[in-house]
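A note on names: the letters A, B, ... follow the listed sequences, proteins ahead of strands, and every chain is numbered from 1. Since we're looking at a predicted model, the values are computed, not measured.
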Amino acid sequence: MDKTLERRIKEAPKLPRVYFDHAATTAPGQEVTKLLLSVLRDNYGNPSSFYKEGHQAARILEESRASIAGGLGVLPEEIFFTSCGTESDNWAIKGAARARQGRGRHLITSTIEHHAVLHTMEALEKEGFEVTYLEVDDQGLIDPRTVQAAIRPDTTLVSVMMANNEIGTLEPIDEIGAICRKANVIFHSDAVQALGALPVQPRDLNCDLMSFSGHKLYAPKGIGLLYKRKGLRIERLLDGGAQERRQRGGTENVAYAAAFAKAFELSLAGMESESKRQVGLRDRLIKAVIESVPHTKLNGHPDKRLPNNANFSFEFIEGESILLLLDSLGYACSSGSACTSASLDPSHVLLAIGMPAEIAHGSLRVTIGRETGEEEIDRFLVDIPLVIERLREMSPLYADYNKGKLKALIPPQGGMDVKMKGGYGLE
Amino acid sequence: MDKTLERRIKEAPKLPRVYFDHAATTAPGQEVTKLLLSVLRDNYGNPSSFYKEGHQAARILEESRASIAGGLGVLPEEIFFTSCGTESDNWAIKGAARARQGRGRHLITSTIEHHAVLHTMEALEKEGFEVTYLEVDDQGLIDPRTVQAAIRPDTTLVSVMMANNEIGTLEPIDEIGAICRKANVIFHSDAVQALGALPVQPRDLNCDLMSFSGHKLYAPKGIGLLYKRKGLRIERLLDGGAQERRQRGGTENVAYAAAFAKAFELSLAGMESESKRQVGLRDRLIKAVIESVPHTKLNGHPDKRLPNNANFSFEFIEGESILLLLDSLGYACSSGSACTSASLDPSHVLLAIGMPAEIAHGSLRVTIGRETGEEEIDRFLVDIPLVIERLREMSPLYADYNKGKLKALIPPQGGMDVKMKGGYGLE
Amino acid sequence: MEYSEKVLDHFMKPRNMGEIPDADASGTVGNPICGDIMKMDLKIENNIIVDAKFKTFGCGSAIATSSMATELIIGKTTDEALDITNQAVAEALDGLPKVKMHCSVLAEQAVKKALEQYYLNHDMMTPERQAKFEILGQNEHD
Amino acid sequence: MEYSEKVLDHFMKPRNMGEIPDADASGTVGNPICGDIMKMDLKIENNIIVDAKFKTFGCGSAIATSSMATELIIGKTTDEALDITNQAVAEALDGLPKVKMHCSVLAEQAVKKALEQYYLNHDMMTPERQAKFEILGQNEHD
Ligand SMILES: Cc1ncc(COP(=O)(O)O)c(C=O)c1O
Ligand SMILES: Cc1ncc(COP(=O)(O)O)c(C=O)c1O
């Protein structure tokens with residue numbers, strides 16, 4: 001067994017943890033939790049109530065809404081608070097599809113959407129809707145022309161994400177939105193991963209509906225947003241009280257709304273420089289990992305990608321075991337491996353970009369954040385080759401490869417854009 | 001103008017505010033916010049993630065679920081976290097109705113449910129379901145025999161609340177549940193107002209589905225629960241990731257889940273003595289208000305009512321103006337008046353118990369809480385007669401009554417159980 | 001939904017609240033089922049409103065607009081008073097919440113109801129004046 | 001989903017990892033498309049398993065169950081080894097998360113695949129033994 005790896009595992013508990021899973025969730029910032037706490041303590045009133053405490057809460061809620069609307073370049077009445085990105089996706093898609101079913105029951109989305117979109121589409125299929133799933137290329141890009149080609153007279157809604165959560169690819173949603181607008185089809189975009197990382201201006205992007213989630217941008221888990229273009233009518237998902245302009249019942253989570261607004265404000269303030277900084281770290285990481293670990297490829301697009309996202313495939317090994325070793329070395333990362341998903345399927349995104357299942361199982365997603373510095377990258381670059389080497393040592397596939405019994409799917413030198421055709425042909 | 005009232009208004013800002021709207025929402029307790037903050041800071045991981053931070057968050061989530069399940073006498077896997085009581089109501093009712101629509105499309109509820117139930121029913125009516133709305137008596141009670149009588153072969157779901165949020169009446173849901181069980185009809189109960197105030201044991205109450213909301217028991221706004229009896233299949237409301245045993249997508253709001261569990265635990269610990277204490281305060285308040293303000297009646301049932309709820313009707317005046325004066329005197333209360341609801345309709349609950357609209361407009365709900373002491377009641381008993389007197393002075397109806405042009409609907413001595421028939425007959 | 005300082009001031013210290021026993025004109029509008037009634041008594045000398053008093057059953061804005069309306073009309077000629085719109089009353093109160101604008105309509109209606117009685121009693125109704133009473137046909141609740 | 005200390009220990013310090021070049025029996029199960037492959041080499045003397053080595057492509061529990069399986073069978077007779085079930089492997093690891101039980105099935109299968117080869121090569125397959133290889137027909141993924 002490799003002595004260096006053992007030593008580093010032993011030393012890891014003395015070092016700070018390295019959180020490399022910002023695409024999964026982020027730690028709420030201090031300013032954000034401070035504000036949140038103050039709202040919980042001093043502004044606990046029900047915003048619908050008719051007295052001082054209620055008015056105060058309502059004011060905070062509306063100021064938060066206005067501030068977010070300002071950042072998105074939209075009207076406050078176009079912003080609706082929800083409980084998460086998933087709710088926003090469900091509401092937007094079910095709400096629009098059901099509201100327009102008199103005109104048609106055909107919907108369009110892509111194969112690489114988040115489950116909040118895909119499973120919503122499947123639920124609608126059970127209701128009798130027909131859904132076209134657009135394919136993506138091997139870097140995860142959707143060709144807007146395929147959207148154009150898929151639109152039919154009975155198409156009522158297109159939903160394409162702004163940025164993919166696994167491979168980080170940025171989609172040309174402005175072009176897709178323009179096509180939809182021309183065709184008089186509603187366009188929804190899941191921008192959960194984009195908000196806080198990239199400028200998001202629903203109007204410029206030709207979006208009618210857009211989903212966001214606070215916990216991806218250093219606000220807490222459990223608050224989301226739906227942008228709904230003024231005048232667009234969709235069905236409610238949560239029927240109830242008169243909250244949120246009668247569009248979403250439920251006593252408002254004022255504290256989290258304020259936290260979202262604050263987190264968004266902070267993200268906007270530093271966005272340009274932070275984005276540049278993260279792209280620098282990301283690109284250094286990608287280059288160094290591919291160079292130092294043989295048979296490694298980058299997944300997703302080399303530069304049309306989220307500033308914080310690096311996604312690798314390491315041949316011959318499985319992703320969960322990578323995560324386990326990394327965890328014991330102090331890193332929190334994620335994988336598209338079936339074994340780390342509660343669903344036990346390998347990532348539908350990796351399969352959708354044409355990756356053979358045997359390679360998809362060996363993926364690793366590293367998503368950095370605003371606390372990430374050069375030190376974390378340096379440290380990671382020491383550890384990752386040890387981890388991969390150790391697991392390959394154990395791998396019967398790697399042994400077969402070394403014995404010449406198996407042809408590698410990723411060449412030794414790896415790369416940013418390795419094309420793969422088919423798997424090992426073993427069954 | 002009455003000098004005493006003027007003086008008391010002038011002095012009120014120097015006195016502490018009196019929060020008498022615990023049915024609308026409660027202020028999170030210190031222990032609860034402390035825990036919440038510590039989770040946000042130290043346990044921000046995504047519970048689905050495969051590393052230390054994720055496992056920690058998952059542990060907190062599952063410990064919270066188990067603790068709540070323990071308090072309710074149910075299994076942890078029967079508890080689902082949602083974003084609010086409204087979501088729980090929507091999910092339970094739409095989920096059960098849609099899942100069983102093959103068997104039938106008839107639903108039963110009452111006329112005094114919360115809008116989260118009633119508007120959900122209306123949405124289902126648009127989908128083709130038929131809904132029977134059971135009437136209540138003049139104290140807001142549902143006769144279980146009317147449930148029995150309303151059940152048809154195509155009935156799939158009955159939804160009746162455990163405690164009414166406006167008039168505080170407690171419904172015989174155990175009996176209703178037994179009837180449903182016998183008839184093989186799903187029984188849902190909105191127990192949002194009951195949890196924290198009364199013992200709630202879904203099994204003993206014969207409930208298949210039960211909705212709860214954290215912010216009614218000193219947890220924050222934006223977290224709810226659905227109890228779903230094991231084995232019962234209902235459709236999802238939020239399709240998405242594999243969270244909540246695949247039944248509700250969305251990254252879990254771990255901090256609020258922990259807060260809910262803590263708040264529930266605290267409520268259980270002190271429930272018996274706190275309930276007795278509140279009933280004492282409530283009954284003193286009710287008796288004194290009726291005695292000191294002529295033409296005043298109690299709404300709801302004299303003792304089958306929530307320990308914290310007092311709901312009055314003051315004849316000849318309108319509720320919003322009562323709230324405004326009370327607010328300036330330092331009190332936060334609520335009213336069933338059309339003018340305080342965003343919907344501009346007078347309370348459907350007050351109308352459902354047979355109250356003429358002209359009386360419904362003059363209702364006042366006082367809901368006390370664990371911070372309420374004798375002092376607050378004493379202070380209120382000084383102020384409320386002044387407020388009512390002042391508004392009656394301004395009221396043309398009261399002038400007409402004094403001139404003998406109008407017959408009072410509530411006798412001068414008022415009471416706990418005044419029967420009313422029809423209105424003034426003015427139009 | 002929150003009221004302006006001015007609305008609150010007029011609600012808390014209503015001007016001209018009461019009745020005028022020997023009023024020259026009087027108008028009552030609204031109904032208790034909808035939750036608001038406004039009664040306006042006017043004392044008129046030489047076509048000038050020398051006094052006005054109101055009684056109102058209704059919400060805060062109903063009371064405040066009643067109060068403000070009396071202030072706006074006292075000292076005005078009846079014809080000048082006829083030109084005071086609900087918007088003018090609302091503006092004088094630094095605005096009303098959107099859902100409360102109907103209350104200001106009620107105030108305009110109450111004044112007009114009284115003036116209508118006055119013009120009719122004194123045989124002063126002309127077609128031009130008549131045109132200004134259109135609002136009385138309106139339902140104040142939509 | 002969290003692993004027991006023991007699973008983690010076997011994952012981090014796998015016992016008997018490697019290959020036996022002159023193995024008396026060898027079995028490979030699983031497939032890379034499903035994300036796990038386990039190869040088990042056995043050295044057998046007088047029907048006693050004197051050495052076992054594994055190589056595994058798969059998740060943490062696949063590696064830990066491989067490692068534990070080798071520990072459980074070394075020193076046992078082939079017939080004793082045949083009686084070691086996936087539950088026994090999982091229990092020896094202080095349990096596995098529910099969604100991971102299939103990995104322990106894989107370990108049982110790998111051992112049996114090797115033993116099957118051994119019995120067949122040495123013409124020792126009997127109906128009673130044959131009955132114990134049923135699991136090899138099973139798909140480990142359901
Ligand atoms: C009886 C009842 N049901 C449902 C709700 C809705 O709960 P929430 O505001 O958490 O959605 C409330 C309170 O608002 C309620 O009192
Ligand atoms: C692209 C995308 N959409 C939707 C979601 C769902 O957001 P939430 O977890 O807030 O429901 C996520 C993250 O989980 C995401 O990455």
Greatest number of heavy atom pairs closer than 4.5 Å to chain B - which of [options]:
options: A:Val254, A:Leu324, A:Thr82; answer: A:Leu324
options: A:His114, A:Glu252, A:Met121; answer: A:Glu252
options: A:Gln243, A:Glu87, A:Arg17; answer: A:Arg17
options: A:Val32, A:Leu238, A:Leu326, A:Val117; answer: A:Leu238
options: A:Gly240, A:Ala123, A:Pro28, A:Ala116; answer: A:Gly240
options: A:Lys94, A:Lys126, A:Arg248; answer: A:Lys94

Distance in Å, [X] [atom1] paired with [Y] [atom2], rounded so as to fall on 0.5 Å steps:
X: B:His119; Y: A:Arg246; atom1: NE2; atom2: CZ; answer: 8.5 Å
X: B:Glu122; Y: A:Arg236; atom1: CD; atom2: CZ; answer: 9.0 Å
X: B:Leu237; Y: A:Thr86; atom1: CG; atom2: OG1; answer: 12.0 Å

If you compare all heavy atoms of A:Asn46 against all heavy atoms of B:Ala24, which two are closest, and at what distance to 0.1 Å?
ND2-O, 3.3 Å
Less than 4.5 Å apart, side chain to side chain, heavy atoms only: is that true for [X] and [Y]?
X: A:Asp21; Y: B:Ser49; result: yes
X: B:Tyr51; Y: A:Tyr19; result: yes
X: B:Asp239; Y: A:Asp89; result: no

Is it the backbone or the side chain of A:Leu36 that comes under 4.5 Å from a heavy atom of chain B, or both, or neither?
side chain
Region of A:Thr120 in contact with chain B, defined by heavy-atom distances below 4.5 Å:
both
Quick one: does B:Lys52's side chain have a donor or acceptor within less than 3.5 Å of a partner on A:Tyr331's backbone?
no
Can you check whether A:Gly241's main-chain N or O pairs, donor with acceptor, with B:His115's side chain at less than 3.5 Å?
no
Test B:Leu37 against A:Leu40 for side chain to side chain contact (heavy atoms under 4.5 Å, CB included), laying out the working first.
CA-CA 11 Å; B:Leu37 194 69; A:Leu40 284 177; over 6 Å; no
Quick one: what part of B:Asn253 sits under 4.5 Å from any heavy atom of chain A, side chain, backbone, both or neither?
both
Which pairs count as side-chain hydrogen bond (donor to acceptor under 3.5 Å, both in side chains) when at least one residue sits in residues 22-31 of chain A, sequence neighbours excluded?
A:His22-A:Glu371, A:Thr25-A:His215, A:Thr25-A:Lys221
At a heavy-atom distance under 4.5 Å, which candidate from B:Ser83, B:Gly54, B:Cys84, B:Gly29 has the highest pair count against chain A?
B:Ser83
